[in-house]
Amino acid sequence: MPGFVLLVRDRRDDDPAMRVGYTVTKKIGNAVVRNRMKRRLRALARDLLPTSGVPGADHVLIGRQGGIERDFAHLKVELAKALAKIRRSTPPVRAEPVEAPGAHAFRQAQGERKSK
């Protein structure tokens, strides 16, 4: 979306609580501008996440350069559209953690040294 980026990650911990985080980089502006953008993102999340958010997921709103000038009503429509798109999409397939080559042998060697 032009005003923000929305990232959503399912925690898969059987807790239906939705968590939300906000970030605005220094590229957006000085501290006053960044804080203003974060306040706008918080207001958006407060309005839309309870009804449209993904239960049991972490939501991260990243402010973009155009977000501070955009009308709040436009941002709200964009967030509703982004949340609807995420809810419609199929859950992504997650890869299982992969152990680095040789890590098992390293752990075994460490364990042998400790036991001696």
Task: With Arg36 via side-chain hydrogen bond (donor to acceptor under 3.5 Å, both in side chains) - residues at least two apart - done: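 Result, side-chain hydrogen bond (donor to acceptor under 3.5 Å, both in side chains) vs Arg36: none returned.
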Task: Non-neighbouring partners of Asp13 that pass side-chain hydrogen bond (donor to acceptor under 3.5 Å, both in side chains), sequence neighbours left out - done: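 Result, side-chain hydrogen bond (donor to acceptor under 3.5 Å, both in side chains) vs Asp13: Arg11.
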Any side-chain heavy atom of [X] within less than 4.5 Å of one from [Y]?
X     : Y     : result
Leu79 : Leu41 : no
Val60 : Val20 : no
Arg39 : Arg42 : yes
Arg40 : Ile68 : yes

- [ ] Could I get the full list of salt bridge (Lys or Arg N to Asp or Glu O under 4.0 Å) partners for Lys76, not counting sequence neighbours?
- [x]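 For Lys76 the salt bridge (Lys or Arg N to Asp or Glu O under 4.0 Å) partners, ignoring immediate neighbours, are Asp47.
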Task: Sequence-distant partners of Arg70, salt bridge (Lys or Arg N to Asp or Glu O under 4.0 Å), two or more places apart - done: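 Here the qualifying residues are Glu78.
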Please identify each residue that fulfils side-chain contact (heavy atoms from CB on, under 4.5 Å) with [X], with sequence neighbours left out.
X     : result
Val5  : Leu7, Ile62, Arg64
Ala57 : Val8, Val54, His59
Ala43 : Arg46, Phe72

- [ ] Examine Leu48 and Ile86 and state if one hydrophobic cluster contains both, with Ile, Leu, Val, Met, Phe, Trp and Tyr joined whenever side-chain heavy atoms are less than 4.5 Å apart.
- [x]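 Yes; Ile86 is reachable from Leu48 via cluster members.
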Task: Cluster check Leu44, Leu49: I/L/V/M/F/W/Y, side chain < 4.5 angstrom - done: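 Yes, it is one cluster - the side chains of Leu44 and Leu49 are joined through contacts under 4.5 Å.
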TODO: Working to the nearest 0.5 Å, report the span between OG1 of Thr23 and CE of Met37.
DONE: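 Going from OG1 on Thr23 over to CE on Met37, the span is 11.0 Å.
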Open item on the list: If I take atom NZ from residue Lys81 and atom CG from residue Leu6, how far apart are they, to the nearest 0.5 angstrom?
Closed with: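 Rounded to the nearest 0.5 Å, the NZ-CG separation comes out at 13.5 Å.
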Open item on the list: Show me the pairs that pass salt bridge (charged side-chain N to carboxylate O under 4.0 Å, His left out) and involve residues 16-30, at least two apart or across chains.
Closed with: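 Every salt bridge (charged side-chain N to carboxylate O under 4.0 Å, His left out) pair that includes a residue of residues 16-30, provided the two are not neighbours, is Arg19-Asp58.
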Which pair of heavy atoms, one from [X] and one from [Y], lies closest together, and at what distance?
X     : Y     : result
Gly29 : Arg34 : O-NH1, 2.9 Å
Ala45 : Pro50 : O-CD, 3.5 Å
Arg87 : Pro55 : NH1-CD, 3.7 Å

